[in-house]
Amino acid sequence: MKNFSTFRHIFCILLIVSMLMSMTGCKQKASDPDVTPTAEPTAEPTPDAGSDTGTGTGDSTSHGLLTPDTDSYPVDASGEVLINDVNLSNYTALSSSDNSRVFYHIFVGSFSDSDGNGIGDLRGIINRMDYLNDGDPASGKSLGVEGIWLSPIFMSPSYHKYDTTDYYKIDPDFGTMEDLKELADLCEARGVKLILDLVINHTGRYNDWFVNFRNAHTTGDTASPYYDFYTWNDKGSEGGRSFTRIQGSEHFYECNFSTDMPELNFDNDFVYDTILDVARYYLEEIGIDGFRFDAAKYIYYGDNVRSGEFWVKYMNDLRAIDPDIFTVAEVWDSDMTVMNYEPALDCFNFSMSQAEGMIASAAKKGDVNAYTSYIEYYLDTIHEKRPTASLVSFVANHDMDRAAGYLTYASGYAKMAASLLLLNPGSSFIYYGEEIAMKGSRGSSNTDANRRLAMLWGDGDTVRDPQGTTFEKDKQTNGTVAEQIGKSDSLLNHYKKLILVRKANPEIASGEYHALAIKDTKAGGFVSVKDGKAVAVFHNTSGSTVEIDLSALSFKSGDPITNYFDVSKAQLTAAVYSEMSIRHALATLEGTKLTLPAQSSAVLR
């Protein structure tokens, strides 16, 4: 302990000397050591007297190093941290037409169990609504998400429910249609959009539609309306497409994902109208706000042009039902392929996800300039396809290894990735448990169940891991919700603060995005403009302090930052810190000189 104290004093002296020797412009200081901390990480700062955020303004304002136990957020009677250092004076509740939101992706059977049978259900989500969004941003308690995506909840024999048996029945494992309606009403009351995972490329083979299709083929009833309900041929697999024999027939049905998932025939108007009616029912009768469309590029297998054209027609019909509908498509492919679908609807950006994606690469001390330049390029490209198109970013989902396996908690990478994700334009999706660094990977057992583990509440919730899980529980080393909710410096409270910062600065989500070109550093940022107001967001993902002279900055185009952002009036309104060390410096703004400590983000207005 004595040796550590000596090191700490030496480190402080070196850092102060380095700050005194800094020059104007953008300058990166001596590298901090990349070590895993051996002590408890520091709490995030609370406001100084007379300051909204405790981060300083355009006046000469400087902060020293935090001491380990000085600063922390207040805690309520239940032991929950209250985020109280975000100025919400610019916050306005999102309208129903505003689809730039933070979504929370729930794998329903693994989230929260209300009846003690070990399976997560809709009632469990209702019971956890205060955790997700308590309806009051000023409370500083809930995550504050603005949308919820439910994995498939329709009748199905599997645990994952991607093989629908009946689109008009909620699987009894998850509850009832009344439960769904209650959840939809609760979401509406709190300004949260509720979207369902709608699987329309295929159904389950126990669906009555497929039973009728099979019977029509085995009896030769070509007059049946179900004879051509699914795609079929009389020769089997061809052109990379998989077909399986229809029992009792010489014909074969298409099943590219599984023999349990026959593919619908959208050249048949009856099929199209039937599937449109399903969506109409949930929009009009239940109050659902939209859908995530599974396997969107497989409507016509291997033909992205025809599949894209299908979605243009389908989306036109859906928007006629609900002009404010939120939709997002799964097109797990290159950006070039995704552009076939952007004329119709927004698509998840897979280039930003997973271990080698843009977010993780930038978070792990990568080049933020490359990250913001990519976002600007992507936005420009999709806007050429559809002016109202939006970026939909995420780090991981139910088909991927969980992010905590490669964005580790102790390194600060998990926090840094959250900052990059949530301070993004468009919609950002959080996979349940990501906010507490839950782990889970397919591993050698090759099962996706390991990616869909039971939420770690830590309060006696009876939800269990899904069938087929082999992930060892002792690998979950980052704690539960109950363990993180009362710690000011926890990942959970980092997420809560980021979402509040995003709410407080609506330009971030829905403004016009301009990437900055910051020279001689990997720190990067952007300016976003909405309704004549501008914010500037900066990220330093490196292990070193960076100084940026705002007056010297320009955009990728070469135009000066002052075209959109008045640096002479800039105020540092929010800062978030990802560094997991015994102490860390605070971001400061002195005149036009912004100082960003290692692994930090700042918002200027």
Side-chain ion pair, Lys141 and Asp136, N-O less than 4.0 Å: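 Here Lys141 does not pair with Asp136 in a salt bridge, since their nearest N and O are not under 4.0 Å apart.
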
Check this for me, if you would: do Asp465 and Lys473 make a salt bridge, where the nitrogen-to-carboxylate-oxygen distance has to be below 4.0 angstrom?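 Result for this pair is yes, salt bridge flagged.
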
Identified side chain to side chain contact (heavy atoms under 4.5 Å, CB included) partner of Cys347 from the options Met339, Glu342, Glu330, Lys297: Glu342

Return yes if a side-chain donor-acceptor contact under 3.5 Å exists between [X] and [Y], otherwise no.
| X | Y | result |
| --- | --- | --- |
| Asn304 | Tyr341 | yes |
| Asp197 | Tyr162 | yes |
| Thr470 | Ser445 | yes |

Could you give me the CA-CA distance, side-chain angles and deciding distance for Thr447 and Asn450, then say whether side-chain hydrogen bond (donor to acceptor under 3.5 Å, both in side chains) is met? CA-CA 6 Å; Thr447 174; Asn450 286 347; 5.3 Å; no

Parallel under 30°, tilted from 30 to 60°, perpendicular over 60°: which one fits the rings of Tyr432 and Phe111? perpendicular

Backbone N/O of Arg452 and side chain of Ser110: donor-acceptor pair under 3.5 Å: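 Yes, Ser110 side chain to Arg452 backbone: donor-acceptor pair under 3.5 Å.
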
Are His217 and Tyr230, when compared by the centres of their aromatic rings, separated by less than 6.0 Å? no

Side chains of Leu196 and Ile153: closer than 4.5 Å at any heavy-atom pair? yes

So Phe429 and Phe348, side-chain contact (heavy atoms from CB on, under 4.5 Å) or not? Walk me through it. CA-CA 9 Å; Phe429 278 67; Phe348 283 112; 3.8 Å; yes

